[in-house]
Amino acid sequence: MKKKFYITTPIYYVNASPHIGHSYTCIAADTLARYNRQILGKENVWFLTGTDEHGQKIQKASDEAKLSPQEFVDKVVVQFKELWKALDISYDDFIRTTEDRHIRTVQKVLDILHRKGDIYEDKYEGLYCTPCETFWLQSQVENQLCPDCKRPVEKIAEKNYFFKLEKYQKWLIEYINKPENAKFILPSTRQNEVLKFLQINTLSDLCISRPKERLNWGIPLPFAPGHVTYVWFDALINYISAVGEFDDKDKYHSKWWPAELHLIGKDILRQHAIYWPIILKALDIEMPKTIFAHGWWMIGEDKMSKSRGNVVNPIDIVNKFGIDVYRYFLLRDVPFGLDGNFSEGALIKRFNADLANDLGNLVYRVLTMIEKYYRGDIPLADKKIQDIKLNARGEKIKSIIKTLHQAVDASLSGECDFSLPLEKIWGLINMANKYVEETKPWNLAKENKTEELKAFIRLLVEVIRESSKELSAFMPRTAESIKAQLGSDKINKGKPLFPRIDLSSKT
RNA sequence: CGCGGGGUGGAGCAGUCUGGUAGCUCGUCAGGCUCAUAACCUGAAGGUCGCAAGUUCAAAUCUUGCCCCCGCAACCA
């Protein structure tokens, strides 16, 4: 069987505009998708993203905007698509939960589970705040007052439908515990967290319906037209509704499933690591290979939140610094999985140190030498690098070029580590910069050591080409630009790739 | 005794599982070089690895106790 790679992001909830967090997941997914396309071929990679468009918050937001829910989501979804375009996100499919293919599949899933007895009817009792349209737990309520609006809550009971989670709890614990599933939930600390949670608590069955009187913006239950589907139950199913179908015998068929990787933020780990596997198990569908929960971006030292007014709009950053700079910063500055601190200062620091001084400057100085010494013709252009003899340092660099891809691959496909492969690439770049210093080409030129000079330049060209090749999944435009300048036998020198940002001079 | 994560030179982190000269990036200071975007290269300063006790020839690393910080309703990457 041919190897394939199916990667997903969460489908984003469209009750507000996209921010840095949304873009983080998509950039990471995009990088992995691009990388796997290079290795497995374009036709063997499927990158899915989309939007989650049902539920109460959306109904509310659309009311406030004086639009119908459908009109409202149609409007917001455009913002997401525009952002992905602006960030070079190369998704293969974009699913919206209001699409037919999705609704059909969700209803089929509900139908199967209902027939199977995993969905059952019961009474839901709780403390309800009518103005806020929200149920609260006893533990959240003080003096019978709504924690939000401080008005009294009432105890109400309503008919609802429940999905049997507890039935599968034991199975899930065992599944996660199996050594061969060590990569089911990553990073491993998250796996630990989920496992502990499952071992300590007994899952209560999940209420998967809402009566239409309270909420009608949702997918109707096929067996109970007076109810719509709870938005999380609806949303998770996108991962299979986008890429396959059930047959008459309730068997799911898909070219792409199971997903190799569900990329998510740490906040939605429980839904993905508990609800989702259980839904799949109940449907007798294979598990995804890996669920990876990454960290959050703090804004400076603070948590990002609307009330603080510190939400970062990715478009602003991209307009100011460029797409690849933004991508590079997010992927390089913090190990995937941990929280990071976002600030323009930190970004500029990375920009100057890594992009301008190391990579940009290396490309520029090499281009200048080729221009100066060879009038723009790359020396020994027709020769393979293996066939060129070099000094000790040169040979060392040659061997690193040879193993670079392997090093990048190991951390990228192993643990979804983006910062480490970038470090490896920069290791080569830095070594090349040292090499220039050590070799002193300006002396070689004066002393007429022409063969040495040629070999030296040719190796630097190879370093740049190889680095940019490995970089292309992370920074597609930069790789293209390098290729345009150094791709053929004759160079095509342009402006510096990343003009240094001078902070000392006043703006 | 709720659960989990963490406390390592000025900042951010690695190292802890598998004890054995404390490492990386940035910053600071000094020097070198000129192909290059005041970029690049070399060197230096700077840490009793949260605290205490224990195990050991030897502890950032293992054990025990303690202190401090962060997250843990829902929605949210």
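Every chain is numbered from 1 and lettered A, B, ... according to where its sequence line falls, protein lines coming before strand lines. From a predicted model like this one, the values you see are computed outputs, not experimental measurements.
When heavy atoms are screened at a 4.0 angstrom cut-off, L497(A) is found touching base atoms of the nucleic acid. Contacts of Y230(A) with the nucleic acid, taken as non-hydrogen atoms under 4.0 Å apart, involve only primed sugar atoms and P, OP1 or OP2. If you check every strand for non-hydrogen atoms under 4.0 Å, P499(A) touches a base. Within the 4.0 angstrom heavy-atom criterion, only backbone atoms of the sugar-phosphate kind lie near G265(A); the bases stay farther away.
Nucleotides of RNA chain B nearest to N361(A) and R350(A) differ in position, and the one nearer the 5' end is that of R350(A).
Not a single donor-acceptor contact under 3.5 angstrom links the side-chain atoms of N357(A) to the base of rA39(B). Judged by distance alone, with hydrogens and angles left aside, E193(A) brings no side-chain donor or acceptor close enough to the base of rG5(B) to form a pair under 3.5 Å.
Geometrically, R270(A) engages F197(A) in a cation-pi contact, judged by NZ or CZ lying under 6.0 Å from the ring centre and within 45° of the ring axis.
Between Y91(A) and F94(A), the distance separating the two ring centers is shorter than 6.0 angstrom.
Closest to the side chain of N433(A), out of rC41(B), rU25(B), rC75(B), is rC41(B). Closest to the side chain of Y364(A), from the set rA77(B), rA14(B), rA36(B), is rA36(B). When distances run from any side-chain atom of T189(A) to the nucleotides rA77(B), rG5(B), rC75(B), the shortest one goes to rG5(B). Considering only side-chain atoms of E437(A), the nucleotide from rC75(B), rU37(B), rA36(B) that sits closest is rA36(B). Nearest nucleotide to the side chain of W232(A), out of rA77(B), rC41(B), rC75(B): rC75(B).
For the pair K289(A) and E260(A), the salt-bridge criterion is not met [side-chain N within less than 4.0 Å of a carboxylate O].
Searching all strands for a Watson-Crick or G-U wobble partner of rU42(B) with both distances below 3.5 Å returns rA30(B).
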